[in-house]
Amino acid sequence: FSRPLVTDVEDEFIVVNLATARGLAASGSEQLDPALGLVAVRARDCLGELTAGVRFSNNRGGTPFAFVDGLPVVGYDETNAEGLGGFLNVPLGTVVLQGQEAMSGRLSGTATVLLRAGWIAIVELDPRPR
């Protein structure tokens, strides 16, 4: 369950469908493997705002991507102001994600997700206490 609301919150939802994921992969000359999965990640700062300068990593592999000036860049693993990124063609199973501040190397958040074939998992990396 998500943490309880303590103030009014306005949030955006990430909507990723198969056509969008295929377009993302093709933009980096990749093809989505239906036997693998995709992980979309949002990085937030300690105030809950989407944040730049966070590098993503995970324990399962895959091809990283991040958004730069509103467009996804395949092979890039550091967030711009959009705070968005992830991994294409991730092997299945329990995926442990980490975000680290690129400048300081400090851990900015962790998350764990179970990934299945053809799934798109959406994860938030958020340093705020839960």
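When a residue number appears, it is its place in the shown sequence, counting from 1. This is a predicted model, so every value here is computed, not measured.
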With rounding to the nearest 0.5 Å, note down the distance linking CG in D126 to CG in L47.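 The CG atom of L47 is 10.0 Å from CG of D126, to the nearest 0.5 Å.
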To the closest 0.5 Å, what do you measure between CG (L50) and CZ (F67)?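 Going from CG on L50 over to CZ on F67, the span is 11.5 Å.
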Quick test of your reading: applying side chain to side chain donor-acceptor pair (under 3.5 Å), list the pairs with at least one residue in residues 78-87, sequence neighbours left out, ordered by first then second residue.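 Passing the test, one end in residues 78-87: R55-E78.
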Who are the salt bridge (Lys or Arg N to Asp or Glu O under 4.0 Å) partners of R116, not counting sequence neighbours?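 If we apply the salt bridge (Lys or Arg N to Asp or Glu O under 4.0 Å) test to R116, skipping adjacent residues, there are no hits.
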Please go through V68's hydrophobic cluster and name the other residues, only I, L, V, M, F, W, Y counting, with side-chain heavy atoms under 4.5 Å joining them.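 Same cluster as V68: V73, Y76.
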Determine, for R44 against E124, whether the closest basic-nitrogen to carboxylate-oxygen distance falls under 4.0 angstrom.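 Yes, R44 and E124 are salt-bridged.
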Is there side-chain contact between [X] and [Y], with heavy atoms separated by less than 4.5 Å?
| X | Y | answer |
| --- | --- | --- |
| V113 | L97 | yes |
| V39 | L115 | yes |
| V54 | Q100 | no |
| R42 | L125 | no |

Say whether F56 and L36 are linked into one hydrophobic cluster, either directly or through other cluster members, by side-chain heavy-atom distances under 4.5 angstrom.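 No; tracing contacts between hydrophobic side chains, which count when under 4.5 Å, never links both residues.
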Just list the side-chain donor-acceptor pairs under 3.5 Å for residues 86-96, sequence neighbours left out, or say none.
| unit_1 | atom_1 | unit_2 | atom_2 | d |
| --- | --- | --- | --- | --- |
| N89 | OD1 | D33 | N | 2.7 |
| N89 | ND2 | Q31 | O | 2.9 |

Would you list the pairs meeting salt bridge (Lys or Arg N to Asp or Glu O under 4.0 Å) in which at least one residue belongs to residues 84-111, sequence neighbours left out?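 For residues 84-111: E101-R106.
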Can you name the closest pair of heavy atoms from P64 and D77 and give their distance?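 Shortest heavy-atom separation between P64 and D77 comes out as CB-CB, 3.9 Å.
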Which atom pair, heavy atoms only, marks the closest approach of A52 to A81?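 Heavy-atom minimum between the residues: CB-N, 3.6 Å.
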Is the backbone of G99 close enough, under 3.5 Å, to the side chain of S108 for a donor and an acceptor to pair up by distance?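 Between the backbone of G99 and the side chain of S108 there is a qualifying donor-acceptor contact (under 3.5 Å).
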Could you pull out all residues at least two apart from S57 that satisfy side-chain hydrogen bond (donor to acceptor under 3.5 Å, both in side chains)?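 Applying side-chain hydrogen bond (donor to acceptor under 3.5 Å, both in side chains) to S57 gives none.
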